[in-house]
Amino acid sequence: MTGWEIVVGLETHAQLATRSKMFSGAATAFGAPPNTQASAVDIALPGTLPVANAKAVEHAIRFGLAVKGQINRRSIFARKNYFYPDLPKGYQISQYELPIVAGGEVKFFVDGEERRVRLTRAHLEEDAGKLLHELSHGMTGVDLNRAGTPLLEIVSEPELRGAREAVAYARALHGLVMWIGICDGNMQEGSFRCDANVSVKRAGENKLGTRCEIKNLNSFRFMERAIEFEARRQIELLEEGGKVEQETRLYDAERDETRSMRTKEDAHDYRYFPDPDLLPLVLREEQIRKIETEMPELPDATRERFARQYALPAYDAGVLTASRAAAGYFEALVKAAGVDAKLCANWQTGALNAALNEADLPVSESKLSPASLAGLLKRIADGTLSGKMAKEVFDAMWAGEGGADEIIEKRGLRQISDSALIEKLVDDVLASNAKQVEDYRAGKEKAFNSLVGQVMKATKGKADPEQVNRVLRRKLSG
Amino acid sequence: MLNATLSELSAALAARKLSSVELTQLCLERIAQLNGELNAFITVDAARSLSDARRADARRAKGEAGPLTGIPIAHKDIFCTRDLLTTCGSRMLANFVSPYDAHVIEQFDRAGAVLLGKCNMDEFAMGSSSETSHFGPVRNPWGRRLVPGGSSGGAAAAVAARMAPAATGTDTGGSIRQPAALSGICGLKPTYGVVSRYGMVAFASSLDQGGPLAKSAADLAAMMNVMAGFDARDSTSLERPKEDYGRSLNRDLRGLRIGLPREYFGDGIDPGVRNAVEEATRWFESQGARGVQIELPHTKLAVPVYYVIAPAEASSNLSRFDGVRYGHRAKEYSDLTDMYCRTRAEGFGAEVKLRILVGTYVLSHGYYDAYYLQAQKIRRLIARDFAAAFERCDVIMGPTSPGTAFELGAKSDDPVQMYLGDIFTVPAPLAGLPALSVPCGFDGKGLPVGLQLMGSYFSEAALLGIAHRYQQATDWHLRVPNDTPL
């Protein structure tokens with residue numbers, strides 16, 4: 001694969017978080033029995049007309065503001081005409097020549113290094129329904145619940161270099177649309193799915209190669225594998241003297257390969273034209289300004305602020321701003337604990353995230369509130385708990401046994417800091433371990449660790465190891 | 001009673017000289033007597049009409065009657081009606097029953113009007129003669145061998161033959177005004193956006209507009225008071241204060257500037273039509289109005305532009321008739337594509353197929369700019385012609401149609417000849433302007449001639465007022481066809 005450059009552009013369909021559909025009042029909830037969420041407009045009864053969903057328009061504006069794109073004060077809904085049973089009107093209402101958002105860019109990281117990709121456009125459109133092939137009698141059914149669901153199609157420029165960069169961008173975009181609250185990001189339910197345009201060219205070549213479009217990638221893992229497979233396929237084809245044909249391909253996850261779905265010759269002539277049932281979408285300045293003032297701090301800004309304000313390493317700041325909920329949790333935790341922010345970051349990115357992952361819970365549904373975790377961190381900071389003891393208390397708290405202080409009390413986990421007691425225990429250990437004392441004095445550092453271990457064992461781990469260290473050193477050198 | 005105007009009927013109902021049930025009964029008898037020959041109605045459900053009438057009488061008894069309560073109204077079969085067929089004159093929808101009522105139907109229902117039946121029409125409103133209906137051609141009450149005009153020909157014939165006191169129609173390129181003219185009645189196409197299109201089967205969305213057909217301008221006003229109004233379900237519906245369309249019926253004609261477009265009085269107009277129209281404009285001048293020569297230079301482009309834009313929109317609007325969810329589906333087919341092809345080949349008639357083909361062509365890659373985009377540009381020039389004209393005049397008058405009713409089949413083989421007959425009716429919808437047609441005399445063959453009045457946006461009340469004054473001095477609109485005597 002050396003000597004080749006892979007070029008990827010992504011078209012992402014983000015389902016907009018609205019209660020009703022893009023052009024009808026029907027509900028958009030996922031998983032309802034077939035055709036129970038399809039109104040007269042959705043099944044395209046004669047005489048029905050579309051009315052644009054104001055909430056979906058607001059979401060598109062939010063996105064445009066978040067990526068610093070140009071928000072077109074006037075955009076046009078257009079009809080994309082083709083016949084298919086999941087498309088009740090025989091056309092999809094989309095935006096063609098004048099989309100609601102033009103340009104913009106998305107920042108993302110690959111191996112800790114910042115990259116940017118420019119966006120071509122983002123436009124509003126409606127989803128199609130779906131065909132159910134698993135019905136009996138060899139019949140195919142049509143479920144129009146999804147028909148008319150509002151989508152924002154976000155098109156990137158073809159400037160992503162390879163599968164990893166494409167996936168990193170897709171993840172950043174996924175995080176962003178959820179952060180600004182316009183999409184629930186649920187990929188299993190199809191709320192966020194990508195088509196990848198992949199082409200290859202010889203290193204240093206300016207002209208883009210012929211592209212193939214891989215449809216409907218609904219997981220980041222599949223996206224990476226599909227792009228890798230496709231790029232390899234094209235390179236091998238070209239190296240054997242062949243030619244890449246422009247076509248649409250499907251990724252088969254089971255066989256880990258892409259397959260041709262339709263070639264350029266089969267491509268539809270969609271006969272786009274402005275939808276005469278809908279007036280041009282005209283946005284007022286006040287409307288845009290109002291949404292602008294209500295915008296949350298964006299992930300990039302929050303990450304930079306965390307690094308600066310809390311003196312956190314870039315990695316921690318990145319993990320803590322993976323979602324708006326995580327960032328919110330962190331700030332609440334710092335505030336409630338009143339301890340070193342780095343300690344908070346360590347516990348959130350460490351124990352808490354591990355527990356959340358294991359339980360498959362989002363941070364918003366964490367079993368420990370910021371206030372209760374703060375209770376634990378306070379006891380670490382004031383020396384009541386050693387790190388090891390703190391983990392035990394954390395686990396008990398996660399298991400629902402109560403607050404930090406309650407568990408410390410109940411389990412008698414208070415760290416021993418009574419120096420007279422420690423002096424005595426050290427004396428006892430020294431007296432009964434003459435051999436190790438001799439070895440230590442002969443220069444064997446290992447013997448010292450063994451002595452520390454003996455003291456800690458005698459305290460059942462409740463002593464402050466540093467304090468034990470100090471006392472032992474003093475007595476051995478005395 | 002069948003020749004009475006809406007206000008006369010309303011007064012009779014209010015004075016309890018007549019019940020709605022009796023009036024409805026009269027209309028149903030007249031339909032039973034004439035519809036076999038005229039074919040003006042596709043669906044008549046007497047039981048339902050009489051039940052509406054009883055409800056109206058009960059409402060009146062409670063003192064809750066409005067001007068149209070209890071009055072039977074016929075509806076073009078393009079308006080969706082619950083529990084009643086809505087065929088749009090097509091085999092495609094021959095068995096279609098809508099689960100909901102169109103906005104216009106709801107409005108009449110709220111007003112307490114009686115739904116008298118669904119009127120025949122050109123298939124999907126595509127035609128100017130009401131001959132393309134799957135349910136057979138409509139015949140003109142003024143002559144059985146003549147067409148009533150189209151596409152709202154069934155509604156026009158129903159009113160002309162006094163089967164219905166008034167009717168609804170739709171106008172895309174003249175489908176209310178032209179059949180009104182050819183059938184000797186009145187018809188109004190309102191400003192685009194005044195009547196909701198919700199529940200009106202779409203032909204060409206940017207042009208389609210519902211409107212009334214009736215015996216007089218005053219009746220049109222009463223109908224408009226029910227039909228017009230904002231509807232949030234139609235994004236092109238205009239949100240305006242409710243208005244009384246009868247408020248200017250007594251307007252003064254003195255000083256009225258009547259625009260007479262050179263292009264509307266040129267070659268190609270039947271002498272009989274020209275004479276009647278010129279006589280009408282002279283009457284207005286005798287009342288103190290002033291004729292102003294104007295120009296609408298893009299008039300000759302209106303027909304070609306219309307026959308690009310309307311088919312383009314229709315080709316897309318009619319895609320939903322695919323046999324998947326409702327309407328006709330071919331009985332036998334080998335796969336999905338075959339099902340689509342057979343269903344649409346069987347379900348649509350020749351004129352509809354012709355327009356779908358034309359519309360598909362003009363929107364195709366490589367042709368869009370030359371046809372559709374170019375047509376949109378000229379459409380704006382046509383609107384600009386009118387804007388300039390209305391700087392110099394208050395109303396434009398001319399013939400509604402260059403000829404009177406023609407014989408069935410006379411133009412069926414020559415679509416271009418048929419389309420050219422739309423020359424005076426297509427400009428107003430292309431510009432979104434209101435326009436109406438009122439009877440203004442007869443040609444040498446004794447066939448009715450229509451006078452067209454066009455005004456600037458939202459000038460319906462003024463147009464109706466001007467027409468009303470004319471009808472107070474003339475009786476063309478009260479003439480009953482010889483072929484269907486009362």
Side-chain angles (χ1 to χ4, degrees), chain A residues 22-25 35 38-54 76-93 96-97 129 131 133 138-144 147 266-282, chain B residues 78-80 86 88 92-93 96 98-103 124 193 196-202 204-208 231-237 309 312-313 315-327 336-337 339-341 344 359-368 372-373 376:
Chain A
M22 186 64 224
F23 299 107
S24 87
N35 298 314
S39 70
V41 174
D42 302 319
I43 64 176
L45 283 178
T48 55
L49 295 168
V51 177
N53 184 327
I76 306 278
F77 287 109
R79 293 185 184 177
K80 179 182 182 179
N81 295 282
Y82 64 96
F83 284 96
Y84 205 61
D86 67 4
L87 189 72
K89 293 189 292 296
Y91 56 85
Q92 177 197 31
I93 306 176
Y96 187 55
E97 280 184 344
L131 298 188
H133 295 295
M139 307 251 287
T140 295
V142 184
D143 177 6
L144 296 177
D266 309 328
H268 292 111
D269 178 351
Y270 290 120
R271 290 171 286 122
Y272 279 100
F273 75 106
D275 191 331
D277 285 331
L278 291 159
L279 300 173
L281 180 59
V282 176
Chain B
I78 199 169
F79 291 101
C80 287
T86 300
C88 230
M92 188 60 90
L93 291 177
F96 178 70
S98 167
Y100 76 98
D101 279 333
H103 181 255
F124 286 105
S196 168
R197 293 184 296 116
Y198 194 80
M200 214 171 90
V201 182
S205 311
S206 74
L207 299 157
D208 294 345
D231 177 13
R233 296 169 299 183
D234 174 0
S235 302
T236 61
S237 172
I309 291 172
E313 293 182 9
S315 71
S316 176
N317 282 334
L318 269 59
S319 293
R320 66 186 59 196
F321 304 109
D322 58 4
V324 173
R325 299 166 312 286
Y326 51 77
L336 178 65
T337 305
M339 191 279 278
Y340 283 149
C341 292
R344 289 168 66 84
T360 303
Y361 181 80
V362 300
L363 289 177
S364 297
H365 186 71
Y367 297 97
Y368 180 87
Y372 184 78
L373 212 57
Q376 290 291 12

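Here is the naming used below: chain letters follow the sequence lines, and residue numbers restart at 1 for every chain.
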Problem - Donor-acceptor pair, side chain of A/D269 and main chain of B/S364, under 3.5 angstrom - result: no

Fill in the blank from the handout: Scored by heavy-atom pairs under 4.5 Å with chain A, the best of B/R325, B/M200, B/R233 is B/R325

Practice task
Sort B/F321 into side chain, backbone, both or neither according to what part of it lies under 4.5 angstrom from a heavy atom of chain A.
Solution key: side chain

Problem - Flag side-chain contact, heavy atom, 4.5 Å: A/P274 against B/Y372 - result: yes

Exercise for the section: State, yes or no, whether a side-chain contact exists between A/P46 and B/T86 at a heavy-atom distance under 4.5 Å. Expected result: no

Exercise for the section: Please flag which part of B/T337 lies under 4.5 Å from any non-hydrogen atom of chain A: side chain, backbone, both or neither. Expected result: neither

Practice task
Measure B/D208 against the heavy atoms of chain A and call it side chain, backbone, both or neither at under 4.5 Å.
Solution key: neither

Handout entry: Inter-residue atom distance A/L279.CG - B/S206.OG, 0.5 Å rounding
Key = 11.0 Å

Problem - Interchain contact, B/A232 with chain A, by part (heavy-atom threshold 4.5 Å) - result: backbone

Problem - Heavy-atom closest pair, residues B/E313 and A/R79 - result: O-NH1, 4.1 Å

Exercise for the section: Check whether more than 12 heavy atoms from other residues, nucleotides or ligands sit under 6.0 Å from atom OH of B/Y100, and answer yes or no. Expected result: yes

Handout entry: Which portion of B/F96 sits near chain A, non-hydrogen atoms under 4.5 angstrom
Key = side chain

Problem - Heavy-atom pairs under 4.5 Å with chain A, option from B/Q376, B/M339, B/R344 with the top count - result: B/R344

Exercise for the section: May I ask you to test the A/D277-B/T236 pair for a side-chain heavy-atom distance under 4.5 Å? Expected result: no

Exercise for the section: Measure distances from B/R197 to the heavy atoms of chain A and classify the residue's part below 4.5 Å as side chain, backbone, both or neither. Expected result: both

Practice task
Give the C-alpha distance, both sets of side-chain angles, the deciding distance and a yes or no for side chain to side chain contact (heavy atoms under 4.5 Å, CB included) between A/T48 and B/R320.
Solution key: CA-CA 11 Å; A/T48 55; B/R320 66 186 59 196; 3.5 Å; yes

Extract all donor-acceptor atom pairs below 3.5 Å that involve side chains of residues 80-87 of chain A and protein atoms in other chains or at least two apart in sequence.
unit_1: A/N81; atom_1: OD1; unit_2: B/S316; atom_2: OG; d: 2.8
unit_1: A/N81; atom_1: ND2; unit_2: A/Y270; atom_2: O; d: 3.4
unit_1: A/N81; atom_1: ND2; unit_2: A/R271; atom_2: O; d: 2.8

Practice task
Quick one: list whatever passes side chain to side chain donor-acceptor pair (under 3.5 Å) with B/S235, sequence neighbours left out.
Solution key: none

Exercise for the section: Flag the one option from A/A40, A/A44, A/G25 with the top tally of heavy-atom pairs under 4.5 Å to chain B. Expected result: A/A44

Problem - Side chain, backbone, both or neither of B/L373 within contact of chain A (heavy atoms, under 4.5 Å) - result: neither

Completion exercise
Taking every heavy atom of A/L45 against every heavy atom of B/P99, the minimum-distance pair comes out as CD1-CG, 3.4 Å

Completion exercise
For A/I43 and B/Y326, the nearest pair of non-hydrogen atoms, with its separation, is O-CE2, 3.9 Å

